[in-house]
Amino acid sequence: MNTFSAPKGTYDLLPPESAAFLAVREALAAPLKRSGYGYVETPGFEDVKLFSRGVGESTDIVTKEMYTLTTKGGDELALRPEGTASVLRAALEANLHRGPLPVKLWYSGSYYRYERPQAGRYRHFSQVGAEALGAEDPALDAELIILAVDAYRSLGLRDFRLLLNSLGDKECRPVYRAALQEYLRGLDLDEETRARIEINPLRVLDDKREQVQRQLAGAPRISDHLCDACREYHDQVRELLTAADITFEDDVKLVRGLDYYTRTTFEFVHGRLGSQSAVGGGGRYDGLSQMLGGPELPSVGWALGVDRTVLALKAEGIELPSAGRTDVFAVPLGEQARRALFGVVTELRRQGVSADFAFGGKGLKNAMKSANRSGARFAVIAGERDLADGEVQLKDLESGEQTSVALETVAATLRERLL
RNA sequence: GUGGAUGUAGCUCAGCAGGUAGAGCACCUGGUUGUGGUCCAGGAUGUCGCGGGUUCGAGCCCCGUCAUUCACCCCA
């Protein structure tokens, strides 16, 4: 037994499975890279107030789930629980919003939430995110949703659904909120939920418990309370998605747990992930910039969970991308051969051929075993006998066929045969 | 924070009226002292999560504890 293990709710990514994770992360980001989104990277921790003000004092993320710390200098920091607030902060700080709008950014990294771990929910998790800042245009909302769907599709993911809703804006949301509160207060609910009615009533709609959902059947619907501007905006988003061959489900109970959302909200849920079914989600946050002390900057964004997407692919039985394999494996016999073949391996690598070497002075048999395990197509084998003739043995590990090749030409020969 | 389940070899798991551990895979060695993958022969490995209790005797029963896991909650 080791003394140490990975902290609760975390896991290590190790070969060979780690290759799938990397590939998924890249696949999620690929559509963004060809759609005008620039890469942004922000610190793993921020002033705790950025999140409490941005994400919302009433959210679970802020009240229960943040990893906070006080520095030796007395600063109150928090490990980032999500990406949007940080990215917006960075953009405002660098005055990107004074340049051409919208500012389109994408990012990828680790996030931290102190939660009870369970299937698909970790205390350290990885997201790919995208934000489009400074434009109020339904096409931008649609663009982001389309890019997310295209990313999932490129991986072969099928069993996911897109839930879509509009939460209204500062005109119509308060009216709806009050109407909902009035309705909820009349229900038979537990104490915690009753408290939520006063702080964040919309989130009650999200409750999974059947006895709660049953009582919500007659609740006022946001869709009936949207102002004309919000309704028009939402209809345009829906039309653009339909035109792009994106199927979605209108879900008036989709709320999401971050306070900054306005108008468009959406979530991608997967059918075979158990309880933690959201593989991605996002929405519009027209008021966030001002909440952080910035100018008015209507924006929209999303985050896709890399861990959960990997789980979803597994659940669908989709073959996960594997590591790029080694093409050539060198097996030396003796010191002289070791130097000669190490040189060959270096040369091959410099020429772009992936090559590996039997390190550790193994015997021939073991070295051949390593060659086989590496998945290499060819083994280059040489001992004193061969080198005396200026040759090496080139073995095709699939057919077992072996030929002698001059040492000087082996790199060139291999490059040719690997084409 | 609240519930349920599970903790046995590197991995997946079996074990049972309570009589002090086993399979498959993986690993190692040899068959082949200059050749892998297949095949054959052989081999190593466990404080049965930890602590206490009951018992002549506990992997199995009881209590506690820790860890993992699933669900609520929340969300990626």
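Letters go in sequence order (proteins before strands), and every chain restarts at 1. Values reported hereafter were calculated over all heavy atoms of this structure, with side chains retained and with hydrogens, waters and symmetry mates removed.
Residue A:Arg121 has its side chain nearest to B:A76 when only B:C70, B:G34, B:A76 are considered. With B:C74, B:G34, B:G36 as the candidates, the nucleotide lying closest to the side chain of A:Leu364 is B:G34. Side-chain proximity of A:Ala303 to B:A71, B:A76, B:C73: nearest is B:A76.
Taking 4.0 angstrom as the limit, A:Arg196 places none of its side-chain polar atoms (N or O) nearer than this to OP1 or OP2 of B:C73. Residue A:Arg203 places at least one side-chain N or O closer than 4.0 Å to OP1 or OP2 of B:C74. A:Gln118 has no side-chain polar atom (N or O) that falls below the 4.0 Å cut-off from OP1 or OP2 of B:C70.
Closest approach of A:Ala6 to A:Asp12, counting heavy atoms only: CB-OD2, 4.0 Å.
No donor-acceptor contact under 3.5 Å links the side chain of A:Glu65 to the base of B:C73. Taking 3.5 Å as the limit, the base of B:U35 and the side chain of A:Gln393 contain no donor-acceptor pair of atoms between them. Evaluation of atom-type donor-acceptor distances gives a pair under 3.5 Å for the side chain of A:Asn372 against the base of B:G36. For A:Glu115 against B:A76, a side-chain N or O and a base N or O form a donor-acceptor pair under 3.5 Å.
Among the protein residues, A:Lys8 comes within range of the sugar-phosphate backbone only, with heavy atoms under 4.0 Å from sugar or phosphate atoms but none that close to a base. At a threshold of 4.0 angstrom between heavy atoms, the contacts of A:Gly120 include nucleobase atoms, whether or not backbone atoms are also involved. No contact: A:Gly129 has no heavy atom under 4.0 Å from any strand. Across all strands, A:Tyr122 comes closer than 4.0 Å to base atoms (heavy-atom distances). At the heavy-atom level, A:Ala371 lies nowhere under 4.0 Å from the strands shown.
Look at B:C50: its Watson-Crick or wobble partner, with both distances under 3.5 angstrom, is B:G64. Pairing of B:U20, defined by two Watson-Crick or G-U wobble distances under 3.5 Å, is not identified with any nucleotide. Summarising the base pairing, B:G10 is matched to B:C25 through a Watson-Crick or G-U wobble pair whose two defining distances lie under 3.5 Å.
Checked against a 6.0 Å centroid threshold, the rings of A:His270 and A:Phe160 do not count as neighbours. Taking the six-membered ring for Trp, A:Phe248 and A:Phe266 have ring centres at least 6.0 Å apart.
Annotation: cation-pi pair A:Arg123/A:Tyr114 present, NZ/CZ under 6.0 Å from the ring centroid and within 45° of its normal.
Between A:His124 and A:Tyr112, the ring planes are tilted. Angles from 30° to 60° get that label. In this structure, A:Tyr152 and A:Phe268 have perpendicular ring planes: the angle between them is above 60°, well past the 30° mark.
Centre separation under 5.5 Å together with a plane angle under 30° does not hold for the ring of A:Tyr111 and the six-membered base ring of B:A76, so they are not marked as stacked.
Screening A:Leu164, A:Thr264, A:Leu240, A:Leu241 against A:Asp141 for a side-chain contact (heavy atoms from CB on, under 4.5 Å) leaves a single residue, A:Thr264.
Taking atom P on both nucleotides, B:C50 is separated from B:G7 by 13 Å, rounded to a whole Å.
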**Asked** When you check every protein heavy atom under 4.0 Å of nucleotides 26-31 of chain B, what one-letter string (B, S, -) results, 5' to 3'?
**Response** -SSS--
